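Every number for a ligand or one of its atoms is a count from 1 in the order of the listing. None of the values given here were measured: they were computed from a predicted structure. Residues: numbered from 1 along the sequence shown.
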Amino acid sequence: MACPVFLFPAIRGGVSWRAVRSSWWRNAVFYQVYVRSFADSNDDGVGDLPGITSRLDYLRSLGVDGLWLTPFYPSPQKDHGYDVADYYGVNPEYGTLDDFGSLVEEAHRRGIKVLIDIVPNHTSSRHPWFEAALAGGDDQHRARYHFARGRDGAPPNNWQSAFGGPAWTQLEGAPEWYMHLFAPEQPDLNWWNPVVPAEFRKIITYWLDRGADGFRIDVAVSLHKRRDLADRPLVPHRITGLPTTAPGFEIIDQPEVHDVYRDWRHILGTYEPERVLVGEIFDAGRQSRYIKQDELHMAFAMMDRRWDASAWKRAIDVYRRAVSRSTSLPSWTQSNHDVIRHVTRLGGSGLGRERAKASALLLLGLPGQYFIYQGEELGLEEAFVPPERREDPLYIHTNGRHPGRDGCRVPMPWRQNEPNAGFSTSPPWLPTPAAWDRNAVDAQARSSTSVLSLYRRVLEMRCGLARRLPARMDWAAAPKDCLIYHRGPLSVACNFGHRPLELDQPADNGFAVAIRPGEESPMRLVEEDE
Ligand code: ISL
Ligand code: CA
């Protein structure tokens, strides 16, 4: 967006005033585009890059500074793009490299930055490297992945896949197994082999040269696995007594992962304007080790706590402390393509939506970046996807024990009274819930009380206040079930309770939130000039 952000965090460690001052990403608002479900330009039921380009004016009018595009590379789509078969191309379903070029150019013309997703932990099993490793069985290709002999017909160790079952699959008719911390179609790369970091250096340079403003790094701390591939020690579970993995035994997050990001940061440093690295890291302890002047710029401060004032205050402080020794600020976020949408998490329907409006305001006033997940600005809830239509590997590989993540990936509703809420004239890859018509962008744009209108107003206000907001915030004394903080001229109050609260602290310069159950418009937004 055109709104310049000039907020100055404490300057430490020799970062020049100029460098900090010119950072476009500090306090920016990012918007996560789930490419497959955002906008469909050719009515085949699948979102695509030209679709995104056609909606850039919508994103500009929302007031975002940058986008994060989920993976759009050629891929068999076993994990919807997080299984990359070619890191240098565009999945034909999503468009072409030229379409990527136009998207970046048009976004930049509107002052919007474009981050792309990079998936360095694993490739697709259809990546030429893995195909060569299987076909030839030669050591050179196999050494790019983790192949190991099993133990008496069992996997090489007891590591588990995030999608259920062992993290190993045996080759047909052979004693070797290969490692996959996710689906079997996502073999893990061996980052101890120098060929792998060399290839990723090439990949990131390639996309930086094509105008990418930075990367969201998938499973950022997993690259190097512990070298001895030792079993995870098992201890009796605290409650059930059943054997469970012992805490504190790392199979990932090895010291060498930091070398990778120092290397990437160095490469980014040779580009102007500044490019950024956002790690998919949610743990605050890890964030404090990876968010550094010479490593990552950002990671996700995921606010998925239960709706409780002290739990939220604690989480906010934990994430603030995690970056306190760096020049970075937290990147607040509530949803992404892997979690249940937060309106639903916070109680669903009217109540969940009011809480979600309040939490967005609470977080948008804080120092730091904010990541919106597409559809959040419409107040979308988790959708029910009929079991036979589910596609998520998490659902498939857990044999349905996990409902999967399809419910937060359902295509965007754009227009009321049109097939599939205006996403596509063909049936979308995941079905649009019948009731979603009322969530459509066009309907919400017409209503001043919609979630969309609230997001637009708040982002505009944030942009207007930007120059006057310090990087510091202070909690103020607050009644039970309420959080209040001050940040320069801004005061934010958030009521976590069920009863309306009268505050004696005036919030003349900022916005105040109150939840009044049963009222049509429970949110109060006090603009500066009121
Ligand atoms: O979604 C999860 C379980 O519900 C998480 O554990 C998730 O797998 C983890 O955060 C890593 O996520 C990323 O990498 C995965 C991919 O499936 C996710 O979509 C992606 O965000 C494997 O590439
Ligand atoms: Ca399409």
Side-chain angles (χ1 to χ4, degrees), residues 32-55 68-73 75-85 87 90-96 99 116-125 127 160-164 167 180-189 215-223 252-253 278-283 286 299-300 302 304 333 335-341 345 371 373 382 391-398 401-409 411-412 414 420 423-430:
Q32 180 190 351
V33 173
Y34 193 72
V35 175
R36 205 169 174 77
S37 299
F38 187 63
D40 178 14
S41 69
N42 59 349
D43 279 321
D44 63 353
V46 172
D48 46 58
L49 299 187
I52 302 169
T53 309
S54 74
R55 292 290 180 181
W68 147 30
L69 308 180
T70 54
F72 49 73
Y73 312 101
S75 154
Q77 302 289 323
K78 295 291 182 193
D79 189 15
H80 296 117
Y82 287 97
D83 48 327
V84 181
Y87 288 87
V90 173
N91 181 6
E93 250 184 328
Y94 296 156
T96 61
D99 292 331
I116 66 169
D117 216 310
I118 187 151
V119 189
N121 180 67
H122 44 264
T123 68
S124 158
S125 52
H127 189 282
Q160 295 287 302
S161 149
F163 293 157
H180 51 87
L181 294 186
F182 295 91
E185 297 88 357
Q186 294 167 299
D188 278 52
L189 285 163
F215 303 94
R216 176 268 188 189
I217 307 163
D218 194 53
V219 283
V221 304
S222 295
L223 310 188
I252 52 169
D253 197 357
V278 188
E280 194 211 3
I281 305 175
F282 302 108
D283 179 79
R286 282 183 171 146
F300 300 101
M302 172 56 89
D304 54 4
T333 191
S335 281
N336 63 34
H337 63 293
D338 290 334
V339 300
I340 294 174
R341 282 191 177 270
R345 291 199 321 259
F371 278 76
Y373 174 52
E382 188 79 356
E391 296 204 5
D392 185 10
L394 187 54
Y395 174 72
I396 296 166
H397 292 292
T398 56
R401 281 190 306 282
H402 192 295
R405 301 164 294 181
D406 296 301
C408 64
R409 300 174 176 181
M412 280 279 282
W414 289 103
N420 310 306
F423 176 73
S424 184
T425 53
S426 305
W429 72 282
L430 288 175

3.0 Å cut-off met by an N, O or S atom of Asn42 to the Ca ion (ligand 2): yes
Restricting Asp48 to its N/O/S atoms, the closest one to the Ca ion (ligand 2) is OD2
Proximal ligand 1 atoms for His122, defined as those under 4.0 Å from one of its heavy atoms: 22 (C), 23 (O)
Under a 3.5 Å threshold, yes or no: a donor from one side chain and an acceptor from the other, between Asp48 and Ser41? yes
N/O donor-acceptor pair under 3.5 Å between Ser124 side chain and Gln186 backbone: no
I need the nearest protein heavy-atom contact for atom 16 (C) of ligand 1: residue, atom name and distance, please. Asp79 OD2, 3.2 Å
Which protein non-hydrogen atom lies closest to atom 8 (O) of ligand 1, naming both residue and atom, and how far is it? Phe182 CE2, 3.4 Å
Run through Trp429, Tyr73, Tyr34 and flag the one making a ring-ring contact (aromatic ring centres under 6.0 Å, His included) with His80. Trp429
If we set the cut-off at 4.0 Å for heavy atoms, which region of Lys78 has an atom near ligand 1: side chain, backbone, both, or neither? neither
Atom 23 (O) of ligand 1 has as its nearest protein heavy atom Asp218 OD2, 2.8 Å
So if I count the atoms of ligand 1 from 1 in the order they appear, which ones are less than 4.0 Å from some heavy atom of His337? 18 (C), 19 (O), 20 (C), 21 (O)
Less than 4.5 Å apart, any side-chain heavy atom of Thr70 and any of Tyr82? yes
Just by distance, no angles: are the side chains of Ser75 and Asp83 close enough, under 3.5 Å, to form a donor-acceptor pair? yes
Strictly under 3.0 Å, is the Ca ion (ligand 2) approached by any N, O or S atom of Val46? yes
Can you tell whether the side chains of Arg286 and Asp253 come within less than 4.0 Å, N to carboxylate O? yes
Closest to atom 18 (C) of ligand 1 among Asp338, Leu394, Val339 (heavy-atom distance): Asp338
Heavy-atom gap Val119 to ligand 1 smaller than 4.0 Å: no
Walk me through it: do Phe371 and Val278 pass the test side-chain contact (heavy atoms from CB on, under 4.5 Å)? CA-CA 11 Å; Phe371 278 76; Val278 188; 4.2 Å; yes
For the Ca ion (ligand 2), which N, O or S atom of Asp44 is at the shortest distance? OD1
Near Arg405 (heavy-atom distance under 4.0 Å), the atoms of ligand 1 are 1 (O), 2 (C), 8 (O), 16 (C), 17 (O), 18 (C), 19 (O)
Under 4.5 Å between any side-chain heavy atoms of Val46 and Tyr94, yes or no? yes
Taking the side chain as everything from C-beta on, heavy atoms only, tell me whether Leu69 gets closer than 4.5 Å to Arg216. no
Any protein heavy atom sitting closer than 4.0 Å to atom 4 (O) of ligand 1? yes
Establish, yes or no, whether a centroid distance under 6.0 Å links the rings of His402 and Phe163. no
Taking only non-hydrogen atoms of Phe163 and a 4.0 Å limit, the atoms of ligand 1 in range are 17 (O)
Hey, is His80 one of the residues with a heavy atom under 4.0 angstrom from ligand 1? no
Which of the N/O/S atoms in Asp40 sits closest to the Ca ion (ligand 2)? OD1
Students should be able to answer this: which protein heavy-atom is nearest to atom 9 (C) of ligand 1, and at what distance? Glu280 OE2, 3.7 Å
Decide, yes or no, whether a salt bridge links Asp392 with Lys78 under the criterion of side-chain N to carboxylate O below 4.0 Å. no
One residue to check: Arg409. Relative to ligand 1, which of side chain, backbone, both or neither has a non-hydrogen atom less than 4.0 Å away? side chain
Go through His122 and Leu189 one step at a time and tell me if the side-chain contact (heavy atoms from CB on, under 4.5 Å) criterion holds. CA-CA 5 Å; His122 44 264; Leu189 285 163; 5.7 Å; no
